[in-house]
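Right, one structure below, let's go through it.
This one's a predicted model, so the numbers in the text were calculated from it and none came from an experiment. These numbers come from the heavy atoms of this one structure, side chains and all, not from hydrogens, waters or symmetry mates.
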2 protein chains.
Amino acid sequence: MKKPHSLDEAGLQRALAALRRVVREKGLRASSARERVALAALRYGGHFTVEDLVRRSKDERLEETHASTVYRTLPLLLEAGLLEEIRVHRDEGTFYERAFEREHHDHLVCVGCGAVVEFHSEEIEEVQREVAVSFGFVLTGHSHELRGTCTACRERGRESRA
Amino acid sequence: MKKPHSLDEAGLQRALAALRRVVREKGLRASSARERVALAALRYGGHFTVEDLVRRSKDERLEETHASTVYRTLPLLLEAGLLEEIRVHRDEGTFYERAFEREHHDHLVCVGCGAVVEFHSEEIEEVQREVAVSFGFVLTGHSHELRGTCTACRERGRESRA
DNA sequence: TTGATGATGAATGTCATTTTCAATAAGGAG
DNA sequence: CTCCTTATTGAAAATGACATTCATCATCAA
Ligand SMILES: [Mn+2]
Ligand SMILES: [Mn+2]
Ligand SMILES: [Zn+2]
Ligand SMILES: [Zn+2]
């Protein structure tokens with residue numbers, strides 16, 4: 001199906017370079033904790049929460065990384081284009097996923113079982129740009145989430161999560 | 001431009017009827033607090049927060065309505081189709097707006113000044129349905145938010161909110 | 001009219017995220 | 001390399017939106 005083919009070592013290095021660039025141009029300093037979080041995030045396959053990331057940033061090398069540090073690092077990872085924030089469902093909090101060297105996509109979520117499907121429509125992307133232009137805007141991003149019921153849930157009569 | 005032409009008295013009554021229907025089929029009872037909140041929400045022009053709604057539900061008639069009651073009422077108003085939930089910006093919490101007897105639309109937000117433009121694209125709506133079908137889903141809803149910089153902010157060099 | 005049960009106000013709890021602050025580390029100047 | 005300024009971090013406390021609890025009040029069917 002869809003394999004988010006993880007980044008190879010060279011890719012990880014390019015990602016770290018992008019992060020360092022952002023860090024530098026903000027007058028910040030290099031730090032191992034930050035790169036530990038970045039690596040854990042980049043190696044994470046699929047969607048993850050802050051809590052997931054805190055956990056993985058720990059057991060990577062016995063080095064602990066506190067939640068507050070992860071929270072402080074996330075905005076930088078977003079700005080450096082390593083990650084993207086997604087809201088998979090009206091409840092369940094904020095999720096993240098790798099965006100670095102990965103094609104853009106949006107999400108279709110089943111309100112019955114929570115299954116998440118990734119999709120991409122160049123047609124939609126194009127219309128989005130047209131809409132923005134028609135209002136004098138220059139697009140910098142968007143979030144688009146479709147909700148519905150999957151085949152299995154419809155057969156099971158599951159219209160929303162228990 | 002775009003006037004969300006408020007509901008007339010008859011419209012308000014139809015909305016209350018829709019709410020009462022939902023309330024009844026859930027085995028709940030009629031209550032004045034609930035309708036006070038519903039009316040305040042329906043009469044609210046534009047986008048509003050829970051806090052805004054609590055405030056308006058109060059000074060409507062000297063009758064106070066506590067925040068917890070408003071929070072308890074909101075899900076019913078959503079289910080009855082009187083309101084719709086929107087996430088206007090990556091930060092700023094949850095907003096609501098009237099959906100009853102109002103055409104569907106999505107939002108384009110300026111990341112510089114926070115201006116919000118409403119748009120509607122039948123083409124996008126159609127592609128959304130096609131995407132859902134292609135994955136065996138039946139759509140029940142979606143949220144779509146475009147982010148960008150408006151003309152004024154670009155001229156001013158404002159790329160993101162202070 | 002009344003009993004069963006839903007609704008409300010007020011207080012309290014919850015949970016994600018932010019802020020604070022003292023201790024530590026980075027890195028440029030000398 | 002050493003010093004000094006300033007960013008960074010862990011740890012704890014603070015926030016803030018929203019949920020839950022519980023005693024009291026209101027609704028409505030019998
Ligand atoms: Mn994804
Ligand atoms: Mn709107
Ligand atoms: Zn499903
Ligand atoms: Zn603007």
Does this structure show an ion pair linking [X] with [Y], if we count only N-O contacts that are shorter than 4.0 Å?
X       : Y       : answer
E84(B)  : R102(B) : no
E79(A)  : K26(A)  : yes
R21(B)  : E25(B)  : no
E145(B) : R87(A)  : no

CD on E101(A) to CG on D8(A), rounded to 0.5 Å: 8.0 Å

Between CZ on residue F48(A) and CZ on residue R98(A), distance to nearest 0.5 Å: 10.0 Å

Chain B footprint on DNA chain C, 5' to 3' - any atom under 4.0 Å from a heavy atom: dA4(C) to dA10(C)

Any T65(B) side-chain heavy atom under 4.5 Å of T73(B) side chain: no

Close aromatic pair by centroid cut-off 6.0 Å: H144(A) and H104(A): no

Under 4.0 angstrom between T69(A) side-chain N/O and dG10(D) OP1 or OP2: yes

Between E122(A) and H120(A): side-chain donor-acceptor atoms closer than 3.5 Å: yes

Protein proximity profile, nucleotides 14-21 of chain D - base contact B, sugar-phosphate-only contact S, no contact -, cut-off 4.0 Å on heavy atoms: ---SBSBB

Where protein sits on nucleotides 24-29 of chain D, one letter per nucleotide: B base, S sugar-phosphate only, - none, heavy atoms under 4.0 Å: --BBS-

Length of the line joining K26(A):NZ and dT8(D):P, which is rounded to integer Å: 11 Å

5′-ward residue of the pair T65(B)/G27(B) relative to DNA chain C: G27(B)

Heavy atoms from other residues, nucleotides or ligands near CD of Q13(A) exceed 12 (cutoff 6.0 Å): yes

